[in-house]
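Comments concern the structure below.
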Amino acid sequence: MSSSSIWKITYVIALFSCLAPVISQPPDNYDYPTANLSTRWINAFNSNIFENRPFRFDDDSTLRPILLRLMPREDDWSGSSSLAYACGFYCSGAACDSYLFAISIVHIYDDGVTSFQGSPQVVWSANRNNPVQENATVELTAGGDLVLLDAEGTFVWSTDTSGRAIAGLNLTEMGNLVLFDANNSVVWQSFDYPTDCLLVGQILESGKNNLTAAASPTNWTSGFHSVSMSSAGLVASILSHPPMIYSQIDFSEVGGENSYAEFQKGRIALYANLSRSSDPDVIMQIRSTATQYIKLESDGHLRVFEWGLSWKKVDDLLDIGDCSYPLACGKYGICTNRQCHCPKSSFRQINDTRPDLGCSEVIPLTCDSSSDHKPSLLDLNDVIYFTFLTDISNTSLTTCKEECLKKCSCRAAMFSYRSDSSTGDCYLPTEIFSLMSIEMISPPYHRRYNYSVSIKVQNNITATATATAKGKGKASSLRHILGSTLGFFCAGIIIGASVFVYRRRKMKAESEDVEEDYMDHVPGVSTTRFSFEELAAATHNFNNKLGEGGFGSVYEGSLNDGTRIAVKRLDGVGHIKKSFVAEVETIGNIHHINLVRLIGFCAEKSHRLLVYEYMCNGSLEKWIYRRSSNGASTSLDWKKRRKIILDVAKGLAYLHEDCRQKIIHLDIKPQNILLDEHYNAKLADFGLSKLMDRNQSEVVTTMRGTPGYLAPEWLSSVITEKVDVYSFGVVVLEILCGRKIYEQSSEEEERHLLSVFKKKCEEGQWLDLVENWCENVEMNVAEVNKMMQISAWCLQSGYEKRPSMSMVIKVLEGVMDVPRDIDYNLLIPQYLGGARIPQVSSQDVTPLLPSVLSTPR
C-alpha cells in the first residue's frame with residue numbers, strides 16, 4: 001500500500017455486521033451509562049458509586065464503577081449473564097492500595113443479586129502512571145471538565161475541556177467514555193487516548209495516538225513496547241533512543257471499483273479504504289460471532305482476546321517468534337529455543353529464578369580512561385540482534401570496534417558484512433535489549449547471517465590487580481636505584497616531571513577528542529554543531545557582550561541566514577565541561593514554546609560554546625525589580641507579570657511531566673528566565689539539570705543551585721522535582737513584590753523577603769508588598785491574592801505538601817482552587833544572605849553573580 005494512495009490513515013476496530021441482535025438484558029436499574037454536570041464520585045465504600053458498594057472478583061481485584069453500560073448480547077450467552085463496560089475505580093490484588101480510573105469489561109451474573117465474576121479486563125485508564133488512593137475523587141465539574149484528584153486533593157488527571165460547553169458524560173455500549181455537548185456531539189472521548197488496547201469502534205490514527213504496553217503484567221505504568229500507524233501499515237517498536245522497529249504488518253492492495261488494502265490473520269481483517277471520494281480509512285474489522293479486543297502486552301506481543309465462557313488469547317497478530325521480541329530475555333539476555341542465558345562470564349542473571357528478566361555486568365561499565373581500566377569488546381559468536389541501524393556505512397569491522405571503544409555511550413559494535421566483501425555497515429547501539437541465537441532466525445532474517453556482535457565490557461579486576469602489583473614492583477625497584485646516587489635521583493625527578501606534564505597534556509587532548517567525538521552522537525540531539533571559527537565570525541570576534549556570570553560570558557551574533565543568536569562561551573574545566581554536556585543532552589532533546597531553543601554548540605579542543613535563540617528582552621531580573629542594576633526604574637504591568645508566571649509554570653510542567661524522563665532544572669531564578677519581544681517567558685540554562693526515571697520518586701545528589709531559591713530538603717541531598725516548585729514559588733514572590741529574595745542593603749528585619757512575607761501573612765496585609773509600584777494592581781486584587789496563595793503553596797516546608805506544576809497551571813487557569821489548608825508559617829532557610837551552605841560541593845552551586853543570560857538582548 002503506497003503512501004501516495006492514502007492521504008490520511010486511521011485504524012478502526014469494528015464488529016462484523018453479522019453479529020446477533022440483543023436478546024435479553026438484566027433490569028434497567030443495573031445500566032447507568034450517563035452522568036450530568038457537577039457530579040462527584042468518591043472512591044470509598046458506601047459512596048455514590050454503582051449500587052453503593054465495591055465488587056470483588058475471583059482474582060481478588062476490586063472495582064467501584066461510577067458508570068455501567070451493558071454490551072449487546074449474543075446467541076450463545078446464558079440468559080442470566082451479561083458482559084458490560086464499567087467505568088470507575090479499579091485495583092488489582094488483595095492489598096488494594098492503589099487504583100486506576102479505568103474502563104473494564106466485566107462479566108455480570110444476575111440471580112436476583114447482581115454479582116461480578118471472573119477477572120475484569122482493563123481496556124483503558126486515565127492515570128496508569130499515577131495511581132490514586134482510597135478516597136480519591138473524580139468530578140464532572142460545572143465548567144465541563146472531568147477531573148481526577150487523589151485523596152488529599154492532589155491533581156492527577158483531567159480531560160482539559162473546561163469552557164467547551166459540555167452537557168454531560170456518557171459511557172457507550174462500545175466502551176467509549178464520551179463528553180458531549182447540548183447537540184449530543186462528541187467533545188472528548190477516551191477512544192482518542194488509547195492505552196494498550198483497541199476496542200470495537202476505536203480508531204488508531206497515524207501521527208496522533210498509539211498503543212503503549214504496560215511495564216509488566218503487574219505494573220500498570222507505561223513500558224517499552226509501542227504500536228503505531230504509518231503509511232505502510234501497523235508498526236511495532238521498542239521505545240529506545242531512537243525507537244527501533246521490531247515488527248510490521250504490511251497490507252496487500254486489492255483492486256476493483258472500491259479499491260482497498262488488507263491484511264488478514266485468523267478472525268482479524270485489517271482494511272485500508274483507498275477511495276479518493278472521502279478521507280480514506282484503514283479498518284481493523286473483527287469477523288466473529290464472539291466479542292473480541294486487541295491488546296499490546298508487556299512482552300511486546302499484539303494479541304487478540306476473545307470471550308467464550310471466559311477470556312482467552314486466540315491469536316497473535318505479530319507472530320514473529322518468541323526470540324525475536326526485543327525483551328524476550330531482558331537486557332543483554334540471549335534467547336535460544338525460548339530459553340534465556342547470559343553472555344559468558346562477564347554477565348550474570350538479574351534474578352536466578354527469572355532468567356527472562358535479563359542480565360547485568362559482573363563489573364559495571366565505566367568510561368575510565370586510565371590504562372588499567374579501559375573497556376574492551378567481548379565477541380559473541382552466532383548471535384544477532386532484533387534490528388540493525390547503520391551508523392557508519394562502507395567501513396571495516398576493525399574500524400567499527402574502534403569507534404565503539406572511543407564512545408562512552410556505545411554499548412556494542414554490531415557489524416553486517418556486505419556480500420563477497422570485507423567491508424560492511426556498522427551499528428553502535430547505546431543500549432542493548434535481547435539478543436538471539438543465529439539458529440533461531442526465521443527467513444526474513446537470513447540476510448543477517450554474515451553478522452558480528454561485540455559487546456563492550458569492563459576489564460577484569462584480576463588483570464587490573466596484576467597490573468597494579470607490577471607497578472608497585474617497578475616503583476620499589478626505582479626507589480632502590482634512585483637511592484644509590486644523588487645524580488640519578490635528580491635526573492629521575494626531572495624526567496618524571498617531564499613525563500607527567502607530557503602525559504597530562506596528552507590525556508587532556510585525548511579526553512577532548514573523545515568528548516568532541518561523543519558530542520557528534522548524542523542520542524536524539526537535533527542541534528547544529530558549529531566550528532569555533534564560525535562562531536567567532538558570527539559574533540564579530542566576540543565583541544558585543546550581552547552578559548557574564550560564574551561560568552562564562554554571552555555574546556550577540558548573527559548567522560549567515562540573518563538569524564540572531566546569543567552565544568554562551570564557557571570558561572574553565574572540569575565541572576564546566578560537565579555542565580556543557582548536560583545542557584546539550586538535556587535541552588537538545590526537548591522542544592517547548594516556554595523553553596529557550598538551543599540552536600547548536602561548539603566542542604572544539606578547549607572551546608565550549610552554546611548557541612541559543614536571541615531573546616531581545618533579556619532576563620526576567622531586569623524587569624521585575626523596582627530598580628534595575630543600573631538604577632533605572634523598570635516595570636511590567638500586571639497582565640504581563642501574570643502571563644510570565646503562567647509561561648514559567650508551563651515550561652516546568654513540561655520538564656517534570658511530559659518528557660520521557662523527568663527533568664529537574666535545579667536552578668530556577670529570574671536570571672534563567674528569558675523574555676522575547678512579546679514578553680513570552682522561556683526557561684534557560686540547563687547546566688545543572690538532573691534526569692530522573694519515571695519510576696523514581698526521589699534522587700540523591702549533591703546540592704546545586706542558587707542560595708535563596710534552594711528548597712529546605714536540599715540539606716539532606718535527597719530531592720524530587722518539588723525543589724523546582726519551591727524555586728518557582730520564590731520567583732513568583734519576587735515578581736509580585738518587585739524585590740529580590742535577599743537584599744543586604746535593607747534593614748535586618750526586612751532583608752529576607754520570606755520573613756517579610758510571613759509577617760504580612762500573619763497580619764493579613766500581604767497586599768502591602770505589592771501596592772504602589774506595580775501597575776493595575778488595584779484592579780486585580782483577587783488575582784494578586786490568588787498569586788500570593790500559589791506562592792505560599794509552592795513554598796511549603798514539606799515537599800509533599802507542594803503542588804505539581806500541572807496543578808499550579810490548573811489554578812492559574814481557573815480550573816482548580818488553591819487549597820485552604822496552606823501553612824503560612826514558612827521555614828526561612830538559614831543559608832540566605834551569603835551564610836555558609838552545609839554539605840555543598842562548590843562545583844555544583846551557581847554563585848550569586850549576574851546570570852550568564854542576565855542582561856537585555
Side-chain angles (χ1 to χ4, degrees), residues 97-98 129-133 150-152 154-156 215 219 221 360 364 366 575 578-579 581-583 585-586 649 651-669 672 683 685-731 741 754 791-808 822-823 825-832 835-848:
D97 54 358
S98 59
N129 295 317
N130 192 7
V132 295
Q133 309 301 313
D150 213 338
E152 297 179 353
T154 305
F155 174 83
V156 176
N219 184 349
T221 58
S360 62
T366 68
H575 62 282
K578 182 178 179 181
S579 172
V581 174
E583 183 132 5
E585 288 188 315
T586 302
L652 282 174
Y654 174 79
L655 295 176
H656 294 174
E657 301 172 29
D658 294 334
C659 297
R660 187 173 301 281
Q661 286 181 291
K662 293 180 186 177
I663 299 175
I664 315 179
H665 187 283
L666 297 181
D667 204 14
I668 298 297
K669 57 185 178 181
N672 291 337
L683 300 180
D685 205 334
F686 288 78
L688 299 182
S689 62
K690 185 80 174 178
L691 298 180
M692 280 179 64
D693 291 333
R694 289 237 161 252
N695 58 359
Q696 281 184 281
S697 59
E698 58 188 26
V699 65
V700 178
T701 185
T702 54
M703 185 180 287
R704 57 183 80 179
T706 302
Y709 302 88
L710 299 175
E713 60 265 28
W714 268 117
L715 296 177
S716 69
S717 298
V718 180
I719 60 149
T720 70
E721 67 272 18
K722 295 296 182 68
V723 296
D724 281 350
V725 177
Y726 184 92
S727 301
F728 172 80
V730 175
V731 171
I741 187 66
L754 291 184
S791 177
W793 192 15
C794 295
L795 291 170
Q796 297 296 286
S797 301
Y799 71 86
E800 69 281 352
K801 296 181 180 180
R802 296 176 211 145
S804 66
M805 291 311 305
S806 59
M807 291 176 65
V808 171
I822 294 177
D823 182 6
N825 185 24
L826 304 178
L827 177 67
I828 311 301
Q830 297 302 309
Y831 49 75
L832 281 174
R836 190 180 71 87
I837 304 175
Q839 303 175 13
V840 181
S841 170
S842 60
Q843 68 182 26
D844 285 330
V845 177
T846 301
L848 282 171

| Between CG of Asn672 and CG of Asp667, what distance do you get to the nearest 0.5 Å? | 5.0 Å
| message | If the condition is side chain to side chain contact (heavy atoms under 4.5 Å, CB included), which residues does Ala649 pass it with, not counting sequence neighbours? | response | Phe728, Met805, Val808, Ile809, Leu812
| task | Could you tell me which residues satisfy side-chain hydrogen bond (donor to acceptor under 3.5 Å, both in side chains) with Asp658, sequence neighbours excluded, listed by chain and number? | result | none
| Test side chain to side chain contact (heavy atoms under 4.5 Å, CB included) applied to Asp150 - qualifying residues, sequence neighbours left out | Val132, Gln133, Ala136, Thr154, Val156
| task | Using ring pair (Phe, Tyr, Trp, His ring centres under 6.0 Å) as the criterion, list what pairs up with Tyr654, not counting sequence neighbours. | result | His592
| remark: Rounded to the nearest 0.5 Å, the CG atom of Leu655 sits from the CG atom of Leu666 at a distance of 10.5 Å
| query | Heavy atoms, side chains only, cut-off 4.5 Å: are Trp714 and Ile719 in contact? | reply | yes
| request: State, to 0.1 Å, how close Ile741 and Val730 come at their nearest heavy-atom pair, and which atoms those are. | output: CD1-CG1, 3.7 Å
| message | For the backbone of Tyr709 and the side chain of Ser727, can you confirm whether one donor and one acceptor N or O come within less than 3.5 Å of each other? | response | yes
| task | Considering non-hydrogen atoms only, spot the tightest contact between Leu683 and Gly651 and give its length. | result | CD1-C, 3.9 Å
| field | Considering all heavy atoms, the nearest Cys659-Ile663 contact | value | SG-CD1, 4.0 Å
| field | Selection residues 708-726 - residue pairs positive for salt bridge (charged side-chain N to carboxylate O under 4.0 Å, His left out), sequence neighbours left out | value | Lys662-Glu721, Glu713-Arg802
| request: Report the residues that fulfil side-chain hydrogen bond (donor to acceptor under 3.5 Å, both in side chains) with Glu152, sequence neighbours left out, ordered by chain and then residue number. | output: none
| field | Minimum side-chain heavy-atom gap Ser806-Phe155 below 4.5 Å | value | yes
| query | Do Gln796 and Leu826 have side chains that get closer than 4.5 Å, going by heavy atoms? | reply | yes
| query | Who pairs with Lys801 by salt bridge (charged side-chain N to carboxylate O under 4.0 Å, His left out), at least two apart in sequence or on another chain? | reply | none
| request: Please list, chain by chain and in numerical order, all residues satisfying side-chain hydrogen bond (donor to acceptor under 3.5 Å, both in side chains) with Gln661, sequence neighbours excluded. | output: Asp693
| field | Counterpart residues, side-chain hydrogen bond (donor to acceptor under 3.5 Å, both in side chains), relative to Ser797 (two or more places apart) | value | none
| message | A side-chain contact here means heavy atoms from C-beta on lying under 4.5 Å apart; do Val699 and Thr720 qualify? | response | no
| query | How close do Gly729 and Ser791 get, heavy atom to heavy atom, and via which atoms? | reply | O-OG, 2.9 Å
| query | Which pair of non-hydrogen atoms, one from Gly705 and one from Leu710, has the smallest distance, and what is that distance? | reply | CA-CD2, 3.8 Å
| task | Enter the distance from Leu795:CG to Asp823:CG here, rounded to the nearest 0.5 Å. | result | 11.5 Å
| message | Once rounded to the nearest 0.5 Å, what's the spacing between atom CG of Leu691 and atom CD1 of Ile664? | response | 9.0 Å
